[in-house]
Asks: 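Got a structure for you, written out below as structure tokens; questions coming shortly.
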Amino acid sequence: MRAIRRTISETEALDRAPQPRPDKIGARTEKFAHHWDRLIERWSREFGSSFVEDYAFAGTERHRVLHRRVYDGRIEVTEHRIRVHNLPESFCGLRIVQLSDIHHGLFLPFHAVLDAVELANRLQPDVIALTGDFVTYSRAYIEPVAAILGTLRARHGVFAVLGNHDFRVGAEGVARALRHEGIEVLRNRHTIIRHGGHTLPIAGIDDLWYSADLPRALRGIRADSATVLLSHNPQIIRRAAYYRVSLVLSGHTHGGQVRLPFAGSIFGRSPERMRFKSGWDRLGPTQIYVSRGIGTVVLPVRVRCPAEIPHLHLQPHDSDRSLPHRPGSEN
Ligand SMILES: [Fe+2]
């Protein structure tokens, strides 16, 4: 909060400094941007949000510099220890960093994506999971966002699944651009990571509203194997529990995005979306982590719901015992 207050005072200092005289249209735009900034600033103070302030500073080049300076503070890196049944010994302590719902576009500019990627790389993770919605409405942002994500680094690899917005914009195009940057896109299939003589399957499915096929993604994985599943939509949890997936990583909900005092969140209010909307939960043998994500939709704001990079530390389960076989698996 201190960093944000300092930023505001710096903005005011810059406002008082002599400015080049803008032309007529430029002056009106500048005036509008100024009022808009003040409005968002006041709103954010009212509701205790700080992410909205990032956008208040995103309007002009001068503000972009300030926005960049405070951005790291605006993405919350959340740390979680997750105990997984049958986790192979070599993967005890495996660290997964999740980036979800980037929504690169007008609401989340290039440098903001870059900041999120830098923050993720600084954690030096073993695995990076990208859980969909890389873009929102426009194809124009596919290659730029893929290019930035191509700079992500993780010991065992960077894996991605597609979200509903990616399908709307062009699933093939998004998948191709990510693959071109060395990111493994899991479309109803799994991959195996290997370490110290042990293996850990990482499965991924297409978006639930489009062509998700969980049995196909899990085909060939041993029934007693710990499995991580990437699914953009957390509503896969019931099916994942049926197939005894160990851990699901999801996004899609943006954590509600705008959480008003007393009224609750504006997004994700339907009963089936109230649960599994944000954070850790479990259903039967399956644990899930739902990230609040990075970007926004509909409105370029977050209120009391900051952007999030989950940093998950996998640990063996204390009372490990063999679970019943996964339906349809090999053994
Ligand atoms: Fe999204």
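Whatever order the structure lists ligands and atoms in, that order sets their numbers, starting from 1. Basis for what follows: all heavy atoms, side chains included, without hydrogens, waters or symmetry-related copies. Model, not experiment: these values are computed from the prediction.
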Asks: When the ring planes of H317 and H85 are compared, do they come out parallel, tilted or perpendicular, using 30° and 60° as the limits?
Replies: parallel
Asks: Answer yes or no: is there a side-chain heavy-atom contact under 4.5 Å between V161 and D166?
Replies: no
Asks: Show me the donor-acceptor pairs within less than 3.5 Å that the side chains of residues 146-157 make with the rest of the protein, sequence neighbours left out.
Replies:
unit_1 : atom_1 : unit_2 : atom_2 : d
T151   : OG1    : I148   : O      : 2.6
R153   : NH1    : G150   : O      : 3.0
R155   : NH1    : D126   : OD1    : 2.1

Asks: Does a side-chain N-to-carboxylate-O contact under 4.0 Å join E308 and R302?
Replies: no
Asks: So do the side chains of P144 and H104 get within less than 4.5 Å of each other, counting heavy atoms only?
Replies: yes
Asks: Between E172 and R187, does at least one N-O distance fall below 4.0 Å, as a salt bridge requires?
Replies: yes
Asks: Taking 2.8 Å as the limit, list every protein N, O or S atom around the Fe ion (ligand 1), by chain and residue number.
Replies: D101 OD2, H103 NE2, D133 OD2, H254 NE2
